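Take a look at the structure below.
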Amino acid sequence: MNVTELARILKITPNELREKLPRMGFDIGYRAIKVDPKTAQMVIRDWPFLLRKLQAEDAEKTKAQREEMIAEGVVKKVIPIPAIMTVRDFAALSHLPVNKVLAELMKNGVFASMNERIDFDTASIIGQSLGVEVTLDESAGVAAQAAVGDKKIEEILGREKDSNLIIRPPVIVVMGHVDHGKTKLLDIIRKTNVAGGEHGGITQHIGAYQVVKNNRLITFIDTPGHEAFTAMRSRGARIADVAILVVAADDGVQPQTIEAYKIIQAAGLPFIVAINKIDKPGIDITKIKQDLVNKLGMLPEDWGGKTVCAPVSALKGTGIEELLDLILLTADSEAKSMRANPNATALGTVIESHIDKNSGPLATILIQNGTLRVGDQLILHGNIYGKARALKNYKGESVQEALPSMPVMILGLKMAPAVGDVLEVGEGERIKGKIEKVAQNRSAIQMKNENEDGAEMKRLNLIIKSDVLGSAEAIEESLMKINTEEVKVKILNKSLGNIIEGDIARAENSNAEIIGFNVKISPAIEVLVREKGVKVHTFNIIYDLIDYVQAEMKKLVVPKVQRVELGRVKVLKIFRTENKSQIVGGKVLDGQAKNNVRVEILRSKVMVAAGKITKLQAGKMDVPTVDINQECGLQYEGKPVIQEGDILQFFEEKEIIK
Ligand code: GDP
């Protein structure tokens with residue numbers, strides 16, 4: 001029987017059949033045209049079994065190769081990461097330099113700063129390009145946060161003398177399935193128990209509030225929106241002391257209830273189950289408790305277990321006072337871990353952060369130790385984040401200081417930190433040292449840029465005008481990140497306010513473009529712009545601004561070399577594998593295989609390595625080229641990772657003659 005005929009019956013290509021049969025133990029040549037009828041019959045009969053066996057062997061081989069590659073550092077281990085994390089956390093978890101991650105994000109059209117959050121999908125795409133495989137792990141965020149922030153807080157508190165410590169108000173998070181009434185519960189607690197009553201309603205949402213119960217303060221983290229909630233949950237569970245797991249009496253335990261409970265458990269948080277919506281007709285609380293037993297393995301207190309359940313109606317306000325009493329009781333039983341020194345320098349975790357159009361970066365932090373005062377200098381990971389120019393409590397009132405467990409909004413920061421970041425107050429010589437260090441780093445970076453401003457490097461000169469200092473700095477920070485090997489952005493000047501005549505003159509003299517953010521150009525200035533031929537562009541969205549600057553940068557790049565694709569070879573057999581080379585056999589799929597050129601190894605369309613071809617043979621003869629549909633032998637030099645089935649992409653780089 002013809003090989004082609006047999007292949008057709010088995011629904012594979014003749015070449016695949018030729019490649020598989022010898023591996024299945026049949027004595028069939030690499031270029032065989034015919035198969036004897038007896039063998040053919042056997043192959044057809046046993047094909048599913050043979051194929052499965054081969055696949056199992058392949059899987060074993062791949063596993064072994066992968067382990068070898070991990071050992072050699074060619075590929076990395078699978079890294080568990082949370083659903084949402086900051087770029088910086090992703091870099092830390094995957095042991096990659098932040099700059100590399102930022103650059104890769106940019107290549108993919110994502111212009112994030114290192115404090116911005118990315119989701120799992122983005123992280124896995126970026127990871128793949130950088131040789132890191134990731135897997136989703138909800139508890140990874142908890143672990144990461146514990147590593148960054150909490151250890152530090154624990155360490156600091158551990159060093160405090162007992163006599164300096166006071167019991168601070170407990171911090172509560174509310175978790176549970178969507179629509180089970182978390183928001184409503186937080187609303188009703190705030191409305192009925194807010195300290196000093198509400199002054200005409202709370203206008204400013206700062207992510208947390210405090211209530212008074214039995215003359216004691218309780219802090220509630222008021223997590224808004226689902227995305228922020230997810231991000232906070234992994235970290236937020238750590239800054240809280242007690243969790244309330246809301247379960248709707250008419251819906252019972254749902255997937256997010258289970259997820260929330262896992263996070264509570266991972267963080268080791270004491271918790272209370274609030275059985276909500278008890279005002280609804282036909283509610284059976286016993287059924288819900290049964291659900292807790294069956295789906296979460298919790299045994300309610302009144303059934304002899306440890307789980308405290310509080311039936312409430314967030315809608316009618318039923319059971320709220322009792323819930324607050326239970327919170328205080330639970331907090332008291334954990335009081336040892338709820339202590340802080342109000343006389344220390346402040347340290348706290350960011351619970352909300354954004355850039356306000358008028359006020360610049362705004363961040364709410366929850367003080368975990370010490371007292372934060374107006375005028376304090378704030379530090380994050382050794383960098384100065386600015387001075388607390390003003391502090392506001394959750395009612396939007398200005399306050400002079402914030403004590404442990406108090407949420408407070410800070411005005412005057414230079415950049416918006418990420419939710420979950422730990423801010424510290426620096427003091428005296430320590431902070432002076434850090435300021436100098438940052439300044440030194442800055443000038444070193446500048447020097448480096450200037451040194452590199454040599455022959456090859458192009459420079460895009462910019463003058464930045466913006467509405468507030470915060471946005472100017474955010475723009476500068478983002479622009480510094482889009483610098484490439486060939487083009488660097490140089491900000492000659494940045495200042496606040498609308499574009500004026502002086503800016504045009506400066507741009508003209510220094511061959512710069514003017515970039516405005518949230519500023520205006522008057523008609524008179526427009527005339528001047530046209531007259532002088534200066535480039536002036538204004539933006540309201542930072543991403544548009546960055547897009548524009550990137551496009552301008554691209555215009556300055558003259559490609560020096562051009563890549564020419566020569567052809568592709570499919571690897572059919574591996575003959576020998578050495579430390580840094582391999583000898584393989586394959587077939588030219590298209591174009592031409594050529595000796596002494598570079599190749600990329602593609603597996604499932606993804607490049608796994610690159611190297612060079614140093615010997616090319618056709619029918620045991622050394623040849624300079626092999627054409628389409630021909631088989632050939634190749635000596636490859638590079639990481640020896642080629643597998644059967646891989647595609648070798650042959651290419652050359654030709655210099656462009658100007
Ligand atoms: P979240 O998604 O967990 O924040 O849930 P919400 O607080 O937004 O509540 C979801 C829906 O349930 C809203 O329509 C609320 O009015 C309603 N709801 C919340 N609590 C109660 C309650 O105690 N009784 C009743 N009948 N409805 C409630």
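We count ligands from 1, going down the list as the structure has it; atoms in each ligand are counted the same way. Treat the numbers as computed from the prediction; the structure is a model and nothing was measured.
- Near ligand 1, residues H177, V178, D179, H180, G181, K182, T183, K184, N276, K277, D279, K280, S313, A314, L315 each place a heavy atom inside the 4.0 Å sphere around the ligand atoms.
- Residues K387 and L378 have side chains not in contact (no heavy-atom distance under 4.5 Å, counting atoms from C-beta outward).
- Side-chain N/O atoms of T219 and Q210 include a donor and acceptor closer than 3.5 Å.
- Side-chain contact annotation: T349 with Q368, donor-acceptor N/O pair under 3.5 Å present.
- Two rings, from Y209 and F220, have their centers less than 6.0 Å apart.
- Side-chain N/O atoms of H180 and D251 include a donor and acceptor closer than 3.5 Å.
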Full working for salt bridge (Lys or Arg N to Asp or Glu O under 4.0 Å) between R190 and D187: CA-CA 5 Å; R190 179 168 48 192; D187 281 351; 3.1 Å; yes

